[in-house]
Amino acid sequence: MYPSTFDYSAPEGLEEALGLLSELGDEGRVLAGGQSLIPMMKLKLAAPGHLIDINGVSELSYIREANGHLAVGALARHADVSSSETVSRHNHTMSSAAPWVADPLVRNRGTLCGSVAHCDPEGDWNSVMLAVGASVVARSTSGERVIPITDFVVDFFTNSLRPGEMVTEVRIPKYQGPAGGAYLKLERKVGDYATVGVATHLALDGAGMVAEAGLGLTAVYGHNLKVTEAEEMMIGQAPGSELFAEAAAIAARTCDPDDNVRGPASYKRAVVAEYTRRGFAQALAMAKEQS
Amino acid sequence: MTTTHEPRTSPEVGGIGHSVRRKEDDRFIRGAGNYLDDLNLPGMLHMAILRSPVAHARINGIDSSAAMEIDGVLAVVTGEALAAHGLAWMPTLSGDTQAVLATDKVRFQGQEVAAVIATDPYIAHDALAFIDVDYDELEAITTPQQSLATDTLIRDEKEDQTDNVAYTWEAGDQDTTDAAFASAARVVSLDTHYPRSHPAPLETCGVVADVNSITGQATIYMTSQAPHAIRTVFALVAGLPEEKIRIVTQDIGGGFGNKVPVYPGYVVATAASLLIGKPVKWIETRTENLISTGFARDFHMNAELALDSDNRITAMRANILSDQGAFFSDAQPTRFKAGLFHICTGSYDFPSAHVTAKGAYTNKAPGGVAYRCSFRVTEASYLIERLVDNAAREVGMDPAAFRAANFIKEEQFPYLSPTGFVYDSGNYHGAMDKAKEMIGYDDWRARQAEQNADPDATKLIGIGVASFTEVVGAGPSRDYDILGLKMFDSAELRVHPTGKAILKLGVQTQGQGHETTFAQIVAEELGIPYSDIKVMYGDTDNTPYGLGTYASRSTPVGGAATAVVSRKIRAKAQKLAAHLLEAAEEDLDWEPGKFTVRGTDQSVTIQEVAFAAYTNHPLGMEAGLEGVTYYDPPNMTYPFGTYIVVVEVDTGDGTWKVLDMVAVDDCGVRINPMIVDGQIAGGLTEGFAKANMQWITFDDDGNCIGSNFMDYLVPTAWETPRYRLGETVTPSPHHPIGAKGVGESATVGSPAAFANAVIDALWSRGVKNIDMPVLPHRVWGALNDVPISP
């Protein structure tokens with residue numbers, strides 16, 4: 001590959017990394033897994049002046065449960081998420097999505113936090129995070145902010161980080177009770193971006209009614225899309241194919257996909273509806289197993 | 001898998017029929033191959049090419065002064081500079097011309113405009129951004145239909161060109177065909193596009209040109225499937241004396257037809273080395289390879305079959321419009337402007353056919369290479385196999401039974417086809433029967449009937465059949481040449497005093513395993529263990545002249561030459577053996593590796609004979625045990641087979657998956673069954689790719705969509721279906737060892753099997769055709785009557 005010229009630092013601790021990020025301003029870019037940044041540099045779509053390689057900041061390499069939520073550190077790879085029993089115990093939508101992220105080679109290097117921060121509307125993780133109500137921990141030399149995912153995902157490749165801030169952790173809440181979730185992805189081959197991706201999350205109350213509903217869409221809008229109208233409509237309702245069909249209809253009309261070589265918008269809306277129905281049906285089956 | 005014929009030689013000798021391990025794999029799997037980019041010569045410079053960002057534009061001027069200021073940049077080469085040496089344009093393999101570096105206009109996105117020569121590849125690539133080209137954009141013509149309708153001339157530099165037609169061509173007999181259609185009981189038609197694809201070898205194209213400014217010797221290391229022909233082309237184009245050109249091909253990381261043509265980068269790097277007096281290396285990036293070098297297919301096909309009242313085919317007609325891109329540069333025999341497309345009557349016996357073809361220039365990359373295919377046989381096979389499948393369902397017959405009723409019968413070979421081919425041999429019913437038995441055809445049909453009968457079924461089963469016939473091994477020199485060079489091939493065999501040997505070939509491996517299989521042919525003929533035979537190729541100073549490897553011609557032509565030269569050597573060995581055994585030549589019996597005096601236990605081995613050839617040859621006989629053969633095949637070979645695929649289509653999202661697949665191939669005698677299986681598995685995967693996911697398309701402005709491996713999809717082990725392979729063996733009657741060539745059968749035969757399977761699943765829902773790639777949104781569109789473009 002022939003990238004533009006760049007400088008490179010490899011800090012060994014988080015404070016050092018944040019110091020560099022603060023000092024370098026717009027020139028500095030954090031390199032974790034590099035599975036999006038390096039290809040963009042190869043194609044000269046990105047030409048950062050200085051890479052801050054955080055792979056030596058081992059304190060960021062963790063997946064753990066704490067204070068009722070799941071915490072995924074900035075150096076946890078997709079493969080770590082995919083194989084983590086903690087994750088599969090904690091959240092079905094996440095464990096369902098992890099094997100759909102790119103291909104095994106990318107999953108061995110790429111990180112969940114990096115993917116969340118990248119805000120690629122064709123990326124899988126932010127749909128999951130929107131569906132499950134995650135939040136993002138951002139650190140800088142001046143402190144820490146915890147940002148709800150709905151505020152973090154701003155637009156096409158745009159997040160709400162401030163200059164000098166870096167994503168250090170993503171937090172996923174735990175619902176106490178029967179819950180399930182799924183991520184269904186239409187891709188042309190393993191390693192492809194989604195043509196359509198649908199993340200569903202469903203939790204039931206003691207009466208078997210919908211206590212929480214989450215619905216996030218990939219690749220059918222300018223950014224990963226949380227279908228709030230469908231989620232709110234489902235709360236308190238009896239889960240089942242009629243309710244899911246209603247949610248699917250809302251999802252299909254809320255999204256705004258492009259016509260391209262992966263198909264016309266009408267097709268993608270149809271797949272959004274189909275996968276919303278299928279996803280919630282799978283989520284319900286999982287939740288019922290626990291109740 | 002077991003072979004049908006027991007090998008005649010021991011496993012140690014490893015002649016025909018032994019699945020010996022590939023000799024070349026030791027270095028490949030250890031990462032010790034020697035590819036072009038592994039070559040670094042002292043003082044070597046690096047070249048990078050500036051390419052057009054737009055599909056069609058006039059060039060007002062090129063300012064390279066800023067690039068020349070950069071430290072490490074030695075030269076910026078433009079078309080104007082090349083024109084001063086008569087090198088701005090070069091001939092294509094189809095007799096057209098192609099721009100080396102654009103002078104007047106750019107005619108496709110990615111066309112070569114200028115080249116930077118620098119001390120370091122990074123400097124060369126960075127400098128490209130500092131070359132300022134002033135373009136006036138013109139209308140981009142992105143389809144052949146648009147090309148034939150517009151007044152805008154793509155090739156306005158050609159004095160005799162008044163339209164955008166690249167060629168016209170026909171085959172067969174129009175009158176008898178029209179008469180058959182006039183009296184047909186039924187006519188079945190199909191209008192389909194075989195999409196543009198790209199061979200996408202893992203190693204991209206490249207060159208290291210090393211022209212010695214003192215001696216004038218040009219040593220050109222190149223990724224070429226046809227080094228000898230390239231040498232002659234270089235001599236003719238550049239006016240260099242041919243004895244001072246040496247083309248060397250090292251290990252090649254896949255060719256698939258992509259490495260047959262001469263590309264502008266080769267010419268510019270050689271010119272730069274000549275002018276600067278230092279070696280110059282140029283290696284394409286992945287994107288450069290995909291957007292600018294030889295594409296394949298891109299055939300718009302309209303065809304009809306005439307049937308009589310007994311559901312027998314009586315005639316076929318086909319009308320082709322091919323998208324040639326900006327330059328007509330198909331690599332194909334001179335006489336045949338649409339390659340061997342007229343093999344499109346396939347495996348079926350009917351008297352009349354007529355094919356017309358027209359090529360149109362468009363603002364797209366040139367190419368038209370035979371991607372793992374014998375000159376457009378792939379398009380032909382796809383067309384007839386899609387047509388007969390639809391015809392069977394139109395008349396309410398099972399597609400396998402309809403084929404069997406129309407096959408050429410075993411006793412009809414040699415068979416003269418209505419477009420003039422003489423099929424050498426075949427047993428189409430045998431391959432069909434075996435494939436049906438292996439897959440459990442009747443059971444699948446029963447399961448399909450049950451599952452698809454439910455009008456609410458969301459998973460539909462489809463069974464796809466394809467019974468292809470290929471024509472490979474060009475070719476008899478009376479009919480086949482490229483730029484006048486007859487399509488013979490050669491082998492030179494030298495047996496050393498210790499009984500080891502070196503075999504030098506005119507054909508060129510790109511990973512097919514020539515170092516093993518060709519040694520096995522010699523082992524079979526002479527009884528020298530295959531492991532004692534070194535196989536050489538790809539150095540024009542040190543191997544006999546040949547036309548190269550493509551169109552499955554290595555075994556049919558180079559393999560025949562190897563068998564024949566081995567037999568020449570055996571004839572001389574017999575004279576030596578007679579001398580050593582003090583017997584008459586005609587009293588000797590031969591078994592692989594040994595001559596015995598008939599009726600005695602007196603014998604000599606081939607190794608003892610070889611030693612005598614250099615130490616104890618009789619008076620009056622020349623010393624040595626060497627020979628060379630140039631083999632001109634009497635006919636092509638005609639491999640065939642039947643593939644059956646079972647798919648399940650999801651009507652909700654339009655995806656489909658393969659539930660089972662059987663491929664029965666008949667390539668005549670199999671030299672190394674393991675290598676044959678590998679060739680078939682690879683070819684099936686490429687066929688699956690084209691049916692399922694793979695194409696290059698363009699937007700209305702002529703921007704290439706498919707310029708990297710995220711957009712141009714190559715299946716990996718994850719999405720590749722599991723195949724089950726079978727064989728029948730019908731030896732070629734005219735080939736010295738009865739072999740036919742197999743490298744391309746599966747790429748040719750399998751796309752129609754996959755496509756037929758999906759259509760078979762959807763037929764009851766009113767779907768008669770979906771063009772490849774059969775993408776989920778196209779399936780969904782066909783099921784829901786939503787027009788899909790693209």
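Reminder, nothing fancy here: chain letters follow the sequence lines and each chain counts from 1.
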Between CG of B/D699 and CG of A/N260, what distance do you get to the nearest 0.5 Å?
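Reported to 0.5 Å precision, the distance equals 11.5 Å.
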When rounded to the nearest 0.5 angstrom, what is the spacing between CZ in A/R278 and CG in B/D650?
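Those atoms lie 4.0 Å apart.
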Any side-chain heavy-atom pair of B/D653 and A/Y275 under 4.5 Å:
yes
Does some side-chain heavy atom of A/K42 sit less than 4.5 Å from a side-chain heavy atom of B/N708?
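No, their side chains stay 4.5 Å or more apart.
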When you look at [atom1] of [X], are more than 12 heavy atoms from neighbouring residues, nucleotides or ligands closer to it than 6.0 Å?
{"X": "B/N40", "atom1": "CG", "result": "yes"}
{"X": "B/D38", "atom1": "CG", "result": "yes"}
{"X": "A/D26", "atom1": "CG", "result": "no"}
{"X": "A/K288", "atom1": "NZ", "result": "no"}
{"X": "A/Y221", "atom1": "OH", "result": "no"}
{"X": "A/R29", "atom1": "CZ", "result": "no"}

Side chain from CB out, backbone as N, CA, C, O: work out which of these in A/V261 comes under 4.5 Å of a heavy atom of chain B, or both, or neither.
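Contact with chain B involves both backbone and side-chain atoms of A/V261.
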Engaged part of A/Y193 at the chain B interface, taking heavy atoms whose separation is under 4.5 Å:
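Looking at A/Y193, backbone and side chain both touch chain B.
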Parallel, tilted or perpendicular, as decided by the 30° and 60° cut-offs, for the rings of A/Y2 and B/H125:
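Ring orientation, 0 to 90° scale: parallel.
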Looking at every heavy atom in both A/P264 and B/H777, which two are closest together, and how far apart are they?
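Scanning both residues completely, I find the closest heavy atoms to be CD-CD2, 3.9 Å.
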Grab the two heavy atoms, one from A/P3 and one from B/D126, that are nearest each other, plus how far apart they are.
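Heavy-atom minimum between the residues: O-OD1, 4.1 Å.
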Which atoms of B/P776 approach chain A - backbone, side chain, both or neither, heavy atom under 4.5 Å
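B/P776 touches chain A through backbone and side-chain heavy atoms alike.
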Heavy-atom distance under 4.5 Å to chain A: side chain of B/N784, backbone, both or neither?
neither
For chain B, which candidate among A/M1, A/R277, A/R188 shows the most heavy-atom pairs at distances under 4.5 Å?
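Going by pairs under 4.5 Å, I would pick A/R188.
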At a heavy-atom distance under 4.5 Å, which candidate from B/R778, B/M710, B/E719, B/M693 has the highest pair count against chain A?
B/E719
